[in-house]
Amino acid sequence: MTTDVRDILDIERPATPEITRDSFLATKKRNFEKTKGASKRPEGMNREVFALLYNDNKDAPPLLPTDTALGIGSGYKQVKARLGMKKVRKWEWAPFSNPARTDGAVFHHWRRINDEQKDIPYPFAKFNKQLEIPQYTMAEYNQHLQTNTQKWSKEQTDHLFDLAKRFDLRFIIMADRWDRVQFGLKSVEDLKERYYEVIGILSKAKGQNASNGAGAGDKKPFVFDIEHERRRKDQLKKLFERTSQQVKEEQNLLNELRKIEARKKERERKTQDLQKLISQADQQGDAATNAQNARKYEKKLHKKKIHHQPRPSKVDSVVNAIEVGTSGIKFADLRGSGVSLRSQKMKLPANIGQRKVKALEQAIQEFKVDPAPPPTEDICNAFNELRSDMVLLCELRTALSTCIYEMESLKHQYEAACPGKTLNIPASLIPSTLQVKSESTDNLAGLTNNS
């Protein structure tokens with residue numbers, strides 16, 4: 001410790017003997033002999049407390065914290081820091097210059113004497129990044145930059161670009177350093193508008209002049225909207241100047257809006273559940289009615305009775321639905337207050353049965369239509385109308401198949417009731433141009449019931 005104090009106070013100290021192998025081994029031997037008579041830890045004293053008081057050499061504890069407690073070195077046995085025996089390197093208060101400065105200013109800092117001969121540049125000069133502010137000539141100004149109004153003159157534009165070069169386009173500082181006595185008052189928005197206007201005109205003019213070169217004039221210049229910037233700052237100012245009462249009122253309105261949206265979603269969910277229950281009840285009722293009608297028809301055929309009682313036909317239900325205008329698919333109209341995707345308009349309602357969905361998918365494949373087109377506004381409306389028409393087409397196909405089946409049944413009943421006679425069906429009632437697929441009757445039989 002005394003050698004360090006002498007070095008700090010610049011006091012001469014005795015010459016340090018050179019450390020050799022023999023002297024080092026001799027020191028180790030003397031230390032080993034001293035450890036034979038090492039003091040023992042008294043009874044009742046913890047090992048850590050005894051290590052703080054003494055060590056094997058009975059030296060005083062160190063004045064500075066060391067890293068021996070972290071397991072570096074020889075652990076608790078070495079409580080003193082092992083400092084080097086060599087003399088510390090000297091430092092000096094040396095001058096230096098910053099290459100990023102152009103005024104030739106000279107500064108001073110601490111530097112090692114060994115590094116004096118090395119030509120090392122100032123390391124922090126690489127962080128000096130400067131913007132490239134374009135320049136213009138008098139001819140370019142007269143040809144392109146001269147304005148018809150007296151709002152900006154040549155002196156004002158020169159002063160603006162000089163400030164932009166000095167302060168690296170920090171428009172707040174440029175507006176503060178603007179010469180109001182000579183050039184009048186200019187706001188930050190006015191400075192931005194004039195600067196970006198000049199930049200756009202110069203880039204366009206230079207791009208036209210160098211149009212023969214590859215890639216000239218490809219970069220689109222930035223256009224500054226001064227009116228939008230002013231409106232934005234006015235809105236921020238109004239937002240900043242709100243009172244606590246206005247903030248509470250706005251928060252209450254937002255909470256009420258969330259409650260309204262939650263109640264709306266709950267009503268929509270209950271409506272969808274109710275529609276599902278109604279559709280399931282209708283399906284069960286139609287199935288029971290069809291089974292009952294089938295049993296009655298079988299009994300009539302078995303007894304060969306001629307009495308014909310009119311029964312409800314699927315053709316009548318489809319025709320009535322078309323006349324009322326309830327056929328097809330009714331898509332939900334998304335008019336919520338929040339953000340929603342336009343593709344949600346193309347989502348099928350939840351009250352459509354699985355048979356109708358499968359029949360619609362088969363129809364889309366049959367007509368080779370993209371099942372997931374780009375959700376633009378026009379495409380969404382046209383795609384929804386197309387699918388609604390496809391469902392109507394499937395229902396008409398089912399009605400046509402049912403009509404043909406009923407005519408054939410009536411023909412067989414007439415022939416069974418009147419032997420030797422044949423019922424001729426008019427040609428106008430038999431479809432000639434429309435081909436009805438046999439498998440469409442099985443796949444689309446439940447469309448009318450589900451609708």
Side-chain angles (χ1 to χ4, degrees), residues 167 169-178 180 185-197 220 222-282 324-326 328-354 356-357 371-388 391 450-451:
F167 300 110
L169 288 182
R170 295 178 177 89
F171 286 98
I172 303 296
I173 305 177
M174 292 165 56
D176 183 69
R177 298 296 190 273
W178 181 263
R180 299 177 179 85
L185 182 62
K186 296 289 184 182
S187 63
V188 179
E189 291 79 12
D190 295 334
L191 300 182
K192 286 185 178 181
E193 182 186 24
R194 179 58 176 170
Y195 176 78
Y196 288 113
E197 179 186 4
K220 188 176 181 180
F222 176 74
V223 179
F224 179 74
D225 191 354
I226 186 172
E227 296 298 331
H228 174 75
E229 183 69 12
R230 286 174 178 171
R231 290 194 301 269
R232 184 184 69 85
K233 288 190 175 182
D234 290 340
Q235 292 293 335
L236 289 177
K237 185 179 179 181
K238 293 178 181 178
L239 184 65
F240 180 75
E241 292 178 351
R242 290 181 304 169
T243 61
S244 58
Q245 184 178 1
Q246 292 175 347
V247 174
K248 290 181 181 179
E249 184 180 358
E250 182 181 358
Q251 189 65 31
N252 294 332
L253 291 176
L254 291 176
N255 294 334
E256 292 296 331
L257 179 61
R258 294 191 188 97
K259 292 179 182 178
I260 293 172
E261 290 179 352
R263 289 195 294 266
K264 181 181 177 182
K265 290 181 180 179
E266 184 68 18
R267 287 196 302 269
E268 291 178 354
R269 186 182 63 81
K270 290 181 179 179
T271 303
Q272 291 179 0
D273 295 341
L274 183 60
Q275 289 178 354
K276 288 182 180 179
L277 293 175
I278 293 173
S279 61
Q280 291 177 1
D282 293 340
V324 176
T326 59
I329 305 175
K330 184 178 180 181
F331 291 90
D333 190 7
L334 300 177
R335 293 183 179 179
S337 59
V339 179
S340 61
L341 298 175
R342 192 183 291 114
S343 59
Q344 294 294 324
K345 294 182 179 180
M346 299 190 301
K347 188 177 180 181
L348 293 174
N351 57 351
I352 299 179
Q354 289 295 119
K356 186 179 290 188
V357 173
T376 61
E377 185 174 0
D378 297 336
I379 292 179
C380 287
N381 298 331
F383 188 61
N384 292 340
E385 293 178 0
L386 176 62
R387 288 187 293 178
S388 180
V391 171
N450 293 332
S451 61

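Numbering starts at 1 and runs along the sequence shown.
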Item checked: Flag side-chain contact, heavy atom, 4.5 Å: Leu348 against Arg387 -> yes
Next item on the list: Not counting sequence neighbours, which residues clear side-chain hydrogen bond (donor to acceptor under 3.5 Å, both in side chains) with Asn255? List them please.
Entry: Arg258
Next item on the list: Assign the ring pair Phe171 / Tyr195 to parallel, tilted or perpendicular, where the plane angle (0 to 90°) is split at 30° and 60°.
Entry: perpendicular
Item checked: Inter-residue atom distance Gln272.CD - Leu274.CG, 0.5 Å rounding -> 11.0 Å
Item checked: For Pro371 against Phe383, the heavy-atom pair lying closest together -> O-CZ, 3.7 Å
Checklist line | Under 3.5 Å donor-acceptor, Asp176 side chain and Ile172 backbone | finding: no
Check: So do Gln245 and Lys248 actually touch side chain to side chain, heavy atoms under 4.5 Å?
Finding: no
Margin query: Surrounding NZ of Lys265 (heavy atoms of other residues, nucleotides or ligands, distance under 6.0 Å), is the total greater than 12?
Written below: no
Item checked: Point-to-point distance, once rounded to the nearest 0.5 Å, from CD1 of Ile379 to CG of Leu386 -> 12.0 Å
Item checked: Separation between CG of Leu239 and CD of Glu250, rounded to the nearest 0.5 Å -> 7.5 Å
Item checked: Partners meeting side-chain hydrogen bond (donor to acceptor under 3.5 Å, both in side chains) with Asp190 (sequence neighbours left out) -> Ser187, Arg230
Notebook entry, point to check: Does the salt bridge (charged side-chain N to carboxylate O under 4.0 Å, His left out) test come out yes or no for Glu266 and Arg269, once each step is laid out?
Noted result: CA-CA 5 Å; Glu266 184 68 18; Arg269 186 182 63 81; 2.4 Å; yes
Notebook entry, point to check: With a 4.5 Å limit on heavy-atom distance, are the side chains of His228 and Arg231 in contact?
Noted result: yes
Notebook entry, point to check: With a 4.5 Å heavy-atom cut-off, do Lys186 and Arg194 have their side chains touching?
Noted result: no
Check: Taking everything shown except Glu268 itself, do over 12 heavy atoms lie less than 6.0 Å from its CD?
Finding: yes
Margin query: Taking Gln275's backbone N and O only, do any of them form a donor-acceptor pair with Ser279's side chain (distance below 3.5 Å, no angle check)?
Written below: yes
Margin query: Once rounded to the nearest 0.5 Å, what's the spacing between atom CE of Met174 and atom CG of Leu191?
Written below: 5.5 Å
